[in-house]
Amino acid sequence: MSDDPTTTGGATEADPSANRDRPTLRPADPDDPVQPSALVLPAVAEEPLDERRPWLERRELEAAYEIPGADTPLYLTPGGVAITTTGIGKSDAATTVTALLANPAIDLESAYVVSCGIAGASPATAALGSVAIADVVVDWDRKHRWDRDAESVAGADDGDAAEFETIDLLAYRPRDYVSHLDDRVVETGLRGARSVALVETDETLAYQRRYPDAPETGPIVGVGTTVTGDEFWHGERYAREVDHLCERYGVDPYVTTQMEDAATATALERFGLLERYVSVRAIANYDRPSPGESVEESFDGNEASLALAIENAARAGDGVVDELVSSDPLGIREGGVSS
């Protein structure tokens, strides 16, 4: 889902009205490379999932670059914050991030990298609109799914036990498909996210109360495992499978689910930059129906919860970026200043 259906050979804006009050696009120059202090990566730049919009609306923009292989243009603020979308899913995210990392006109050696967008979660995890900073990123798609019945599972007492045994770690794997993020960056990001005020809405709280396991209170900021998958799964049975995979890796319970972060982490790791990565995800919907709902009815949550998550992700992301740039927990910048 790109905002650029007609692009060939690099990212441009498809809708001329989208360029209003934005810098003129130009190629990045390898003789004068862009050196951002932070790279912000929402996934989507089109409604109704426009995670990029708050970043472009709230910050002054001084430059915009066409980056071959990227999903959309790279925007730069006077404070050195670069903003672009990855696109939805792991292949899009890996392509965009690799295009940025491999481009000699983009120098990310002194930049922190922040994925920032919406996610799903269990209703028992947190209120809708809550923000989770990931300390672990799991790839949901790299696994075995066995077609077993209860009789074929040794020691299984019921169907649930057999169901759990259908999911297992991939036997032929060079490594576990889990990225453990740097504690210093995660803690700094968490401090930044908690420095801003999240918002709540009556409509979202009313929808949340349809779930008996959901909190009675509004959004909070937390930390935990995020799971990346290209599959649009929904429902309690599949949620148990996700938790089971995380348990096998020793990183359960999962806190959020999304579609890009494992790919972003892999690309950064290949270029030796994984340590400066942080994922900021706000809960837009619960990953199962409320009582009396079908999976189709509950899949998207509602418009209020989606809008709230986009808003709170941007608010928390602002705090995370400012704290990372000013604190510079890894010492990758000289005299870091807030953007």
State yes or no: do [X] and [Y] share one hydrophobic cluster built from I, L, V, M, F, W and Y residues joined by side-chain heavy-atom distances below 4.5 Å, directly or via other members?
X	Y	value
Tyr286	Ile220	no
Val114	Trp55	yes
Leu306	Leu205	no
Leu268	Val280	yes
Ile283	Ile88	no

List the steps and the verdict of side chain to side chain contact (heavy atoms under 4.5 Å, CB included) for Tyr75 and Arg52. CA-CA 11 Å; Tyr75 290 95; Arg52 186 188 68 172; 3.7 Å; yes
Student check: side-chain heavy atoms of [X] and [Y] closer than 4.5 Å:
X	Y	value
Val44	Asp50	no
Val178	Val137	no
Asp328	Tyr112	yes
Val113	Val278	no
Asn103	Pro68	yes
Ile83	Thr77	yes
Pro291	Pro212	yes
Ile106	Pro33	no

Over 60° means perpendicular and under 30° means parallel, so tell me whether Tyr207 and Tyr211 are parallel, tilted or perpendicular.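 Perpendicular: the ring planes of Tyr207 and Tyr211 meet at over 60°.
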On the 0 to 90° scale, with breaks at 30° and 60°, tag the Trp140-Trp233 ring pair as parallel, tilted or perpendicular.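 Aromatic pair Trp140/Trp233 classed tilted.
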I need the [X] [atom1] to [Y] [atom2] distance, nearest 0.5 Å.
X	Y	atom1	atom2	value
Gln208	Leu128	CD	CG	5.0 Å
Lys90	Thr95	NZ	OG1	12.5 Å
Leu245	Asp168	CG	CG	8.5 Å
Tyr254	Thr125	OH	OG1	6.5 Å
Glu109	Leu101	CD	CG	9.0 Å
Arg276	Arg184	CZ	CZ	10.5 Å

Hey, are [Y] and [X] close enough side-chain-wise for a donor-acceptor pair under 3.5 Å?
X	Y	answer
Asp92	Thr86	no
Thr85	Thr72	yes
Thr264	Asp261	no

Determine the minimum heavy-atom distance between [X] and [Y], stating which atoms define it.
X	Y	answer
Ser305	Ala284	OG-O, 2.7 Å
Leu324	Gly189	CD2-N, 4.4 Å
Pro289	Val295	CG-CG1, 3.6 Å
Asp230	Asp141	N-OD2, 2.9 Å
Ala111	Pro36	CB-O, 3.3 Å
Arg58	Ala314	NH1-CB, 3.9 Å

Run through Val223, Asp183, Leu181, Leu190 and flag the one making a side chain to side chain contact (heavy atoms under 4.5 Å, CB included) with Asp135.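 Among Val223, Asp183, Leu181, Leu190, the one meeting side chain to side chain contact (heavy atoms under 4.5 Å, CB included) with Asp135 is Val223.
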Can you name the one residue among Leu170, Thr228, Val138 that meets side chain to side chain contact (heavy atoms under 4.5 Å, CB included) with Tyr177?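 Option passing the side chain to side chain contact (heavy atoms under 4.5 Å, CB included) with Tyr177: Leu170.
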Restricting to pairs with a member in residues 287-299, which pass salt bridge (charged side-chain N to carboxylate O under 4.0 Å, His left out), not counting sequence neighbours?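 Matches after skipping sequence neighbours: Arg210-Glu293.
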Any donor-acceptor N/O pair, [X] side chain to [Y] backbone, under 3.5 Å:
X	Y	answer
Ser327	Pro329	no
Thr96	Ala93	no
Asp29	Ala105	no
Thr166	Asp147	no
Ser37	Gly79	yes

Can you tell whether the side chains of [X] and [Y] come within less than 4.0 Å, N to carboxylate O?
X	Y	answer
Arg191	Glu187	no
Glu241	Arg145	yes
Glu62	Arg22	no

Determine whether Thr226 and Ser279 satisfy the following criterion, side-chain hydrogen bond (donor to acceptor under 3.5 Å, both in side chains), listing intermediate values before the conclusion. CA-CA 8 Å; Thr226 192; Ser279 165; 5.0 Å; no
Go through it in stages, so that I can follow the logic: the residues are Cys116 and Glu51, the test is side chain to side chain contact (heavy atoms under 4.5 Å, CB included), and I'd like the CA-CA distance, side-chain angles, deciding distance and then a yes or no. CA-CA 8 Å; Cys116 188; Glu51 301 164 329; over 6 Å; no
Full working for side chain to side chain contact (heavy atoms under 4.5 Å, CB included) between Val227 and Cys246: CA-CA 8 Å; Val227 178; Cys246 292; 3.6 Å; yes
Steps toward salt bridge (charged side-chain N to carboxylate O under 4.0 Å, His left out) verdict (Glu260, Arg281): CA-CA 11 Å; Glu260 296 82 30; Arg281 293 284 178 171; 3.0 Å; yes
I would like to know whether Tyr277 and Ser115 meet side-chain hydrogen bond (donor to acceptor under 3.5 Å, both in side chains); could you show each step before the answer? CA-CA 8 Å; Tyr277 179 54; Ser115 289; 2.7 Å; yes
Carefully, step by step, assess Val251 and His180 under the rule side chain to side chain contact (heavy atoms under 4.5 Å, CB included). CA-CA 10 Å; Val251 295; His180 294 268; 3.8 Å; yes
Residue Arg270 excluded, over 12 heavy atoms near CZ under 6.0 Å: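 Counting other residues, nucleotides and ligands, CZ of Arg270 stays at 12 neighbours or fewer.
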Test Glu66 against Arg26 for salt bridge (charged side-chain N to carboxylate O under 4.0 Å, His left out), laying out the working first. CA-CA 6 Å; Glu66 296 178 284; Arg26 66 178 189 265; over 6 Å; no
